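Just so we're clear, the structure is a prediction, and the values are computed from it rather than from any experiment. By convention here, the first residue in the shown sequence is residue 1.
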Amino acid sequence: MNTERALLEVRDLAQHFGGLKAVDQVTLSIRAGQIAALIGPNGAGKTTFFNVLTGVYPGTRGEIYFDGSPIRGRPAHEIVARGIARTFQNIRLFSDMSALENVMVGRHARSREFLLGPLLRTAAFRAEEAEIEARAKELLAFVGLKAQGNERARNLSYGAQRRLEVARALASEPKLLILDEPTAGMNPTESADLVALVRRVRERGVTVLLIEHQMRVVMDVCDRVFVLDYGVKIAEGAPREVTANPRVIEAYLGQEAA
């Protein structure tokens, strides 16, 4: 993997809702192999930025290049197919389905059999389903849920549900994994487990971009940090550089950080 090339390039990106400039003229670049964080106070536009990246919102103006190709305004399913997967701030699992079935749903984004195969249960369809199940089991093991494959998602612990979301996102074989507040609501042990998982994801060749409010997590795992405030990027750099920035301290970290 060429870690010098930009996997994601965002240029002057904006998302306006009438007179509200939720994201305004944001430019940033993330290299392949990096773990990057987007931080800022509540209402800074972080999740809106993620939603534009992943096709939930079209963006008002600006450009997004992923792996060299423009993607702003593309539908969400096409962006997944190009190699961007995400989790959400609020857990969005299929609660009555098993952990294994949840991951298999994510894998179906790469399915080659669409209509006739499932209807007729062709040999090709059955072979692909077996492949999808095997891959889903491997991913459950990767996130530490090998023994919980048959458990309904709603019966898993909170931390396990978060890890299951990561497994489901990885099932689509992303080049970039976007995590929206992955440690929110976790206890210190669960947060440490999630940080270790993010590192293992990077070791598999997947670039990671996350929104995170726990600065301990950001300092521990990230290579690059971008800071938004009122929809505008106010700083970027290495974690220690950003946390020493007076503008970031004033807008987000507070005087205790100084």
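Residues Thr189 and Asp193 are in side-chain contact: their nearest non-hydrogen atoms beyond the backbone lie under 4.5 Å apart. Counting heavy atoms from C-beta on, the side chains of Phe226 and Ile39 never come closer than 4.5 Å. Here the side chains of Phe94 and Arg168 are in contact, with some heavy-atom distance below 4.5 Å. Residues Phe49 and Leu28 are in side-chain contact: their nearest non-hydrogen atoms beyond the backbone lie under 4.5 Å apart. A heavy-atom distance below 4.5 Å is not found between the side chains of Thr27 and Glu63. Two residues are said to be in side-chain contact when any heavy atoms from C-beta on lie closer than 4.5 Å; Ile178 and Thr54 meet this criterion. Under the 4.5 Å side-chain criterion, counting only non-hydrogen atoms from C-beta, Asp220 is in contact with Arg199. At least one side-chain heavy atom of Lys46 sits less than 4.5 Å from a side-chain heavy atom of His213.
Remark: the backbone N or O of Asp12 is not paired with any side-chain donor or acceptor of Gln25 at under 3.5 angstrom. Remark: the backbone N or O of Gly205 is not paired with any side-chain donor or acceptor of Lys175 at under 3.5 angstrom. When atom types are taken as modelled, the side chain of Arg163 and the backbone of Leu194 share no donor-acceptor pair closer than 3.5 angstrom. A distance-only check finds no donor-acceptor pair linking the side chain of Lys21 to the backbone of Gly231 [under 3.5 Å]. The closest donor-acceptor contact from the side chain of Thr60 to the backbone of His16 lies under 3.5 Å. Under a 3.5 Å cut-off, the side chain of Thr87 and the backbone N or O of Leu179 do not form any donor-acceptor pair.
Ring pair Tyr57/Phe17 is perpendicular by interplanar angle, where above 60° counts as perpendicular and below 30° as parallel.
Of all heavy-atom pairs between Ser95 and Arg152, the closest is O-CB, 3.9 Å. Minimum heavy-atom separation, Ala44 to Leu228: CB-O, 3.4 Å. Minimum heavy-atom separation, Ala251 to Asp229: CB-OD2, 3.5 Å. For Arg202 against Gly33, the heavy-atom pair with the smallest separation is NH1-O, 2.9 Å. Heavy atoms only, all atoms of each residue included: Thr207 and Arg31 are closest at CG2-O, 3.6 Å. When all heavy atoms of Asp223 and Pro239 are compared, the closest pair comes out as O-CD, 3.7 Å.
Only one option out of Arg86, Arg162, Arg92 pairs with Asp180 in a salt bridge (charged side-chain N to carboxylate O under 4.0 Å, His left out); it is Arg86.
Tyr158 is linked by a ring-ring contact (aromatic ring centres under 6.0 Å, His included) to nothing, counting only residues two or more places apart in sequence or in another chain. Residues forming a salt bridge (Lys or Arg N to Asp or Glu O under 4.0 Å) with Arg247 (at least two apart in sequence, or on another chain): none.
When hydrophobic clusters are built by joining Ile, Leu, Val, Met, Phe, Trp and Tyr residues whose side-chain heavy atoms come closer than 4.5 Å, directly or via intermediates, Met186 is grouped together with Val198. Linking ILVMFWY residues whenever their side-chain heavy atoms come closer than 4.5 Å, directly or via other members, places Leu164 and Ile91 in the same cluster. The hydrophobic clustering, which links ILVMFWY residues whose side-chain heavy atoms are closer than 4.5 Å, places Ile234 and Met215 together. Under the 4.5 Å side-chain contact rule for hydrophobic residues, Val56 and Val52 share a cluster. Cluster annotation: Ile79 and Tyr65 are assigned to distinct hydrophobic clusters (Ile/Leu/Val/Met/Phe/Trp/Tyr, side-chain heavy-atom contacts under 4.5 Å, transitive).
Atom CD of Gln148 and atom CG of Leu156 lie 6.5 Å apart (nearest 0.5 Å). In this structure, CG on Leu8 lies 7.5 Å from CD1 on Ile64, to the nearest 0.5 angstrom. In this structure, Leu209 CG and Cys222 SG are separated by 9.0 Å, a value rounded to the nearest 0.5 Å. Atoms CD1 and CD1, on Ile30 and Ile35 in that order, are 11.5 Å from each other to the nearest 0.5 Å. Taking CG of Leu139 as the start and CG of Asn102 as the end, the distance is 12.5 Å to the nearest 0.5 Å. Taking OG of Ser98 as the reference point, atom CE of Met104 lies at 8.5 Å (rounded to 0.5 Å).
Residue-environment remark: CG (Asn150) stays at or below the threshold of 12 foreign heavy atoms within 6.0 Å. By the 6.0 Å contact criterion, OH on Tyr230 is open, its count of non-hydrogen atoms from other residues, nucleotides or ligands being 12 or less.
For the pair Arg204 and Phe142, the cation-pi test (distance below 6.0 Å, angle within 45°) is passed.
Between the side chains of Gln214 and Thr183, at least one donor N or O lies within less than 3.5 Å of an accepting N or O.
Ionic pairing of Arg82 and Glu78 is present here: one or more N-O contacts between side-chain nitrogen and carboxylate oxygen are shorter than 4.0 angstrom. Salt-bridge annotation for Arg200 and Glu203: absent, with no side-chain N of the basic residue lying under 4.0 Å from a carboxylate O of the acidic one.
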Practice prompt. Evaluate side-chain contact (heavy atoms from CB on, under 4.5 Å) for Glu190 paired with Asn187, printing each intermediate quantity in order.
Written response: CA-CA 5 Å; Glu190 290 171 332; Asn187 62 43; 3.3 Å; yes
Discussion item. Run Ile84 and Leu53 through side-chain contact (heavy atoms from CB on, under 4.5 Å) and show every step you take.
Written reply: CA-CA 9 Å; Ile84 298 179; Leu53 285 186; 5.7 Å; no
Item to complete: Take Lys137 and Glu133 through the test salt bridge (Lys or Arg N to Asp or Glu O under 4.0 Å) and record every step on the way to the result.
Response: CA-CA 6 Å; Lys137 288 179 177 178; Glu133 182 175 345; 3.3 Å; yes
Discussion item. Could you walk me through whether Asn51 and Gln15 satisfy the side-chain contact (heavy atoms from CB on, under 4.5 Å) test, starting with their C-alpha distance in whole Å, then the side-chain angles of each, then the deciding distance to 0.1 Å, before giving a yes or no?
Written reply: CA-CA 10 Å; Asn51 285 339; Gln15 176 63 55; over 6 Å; no
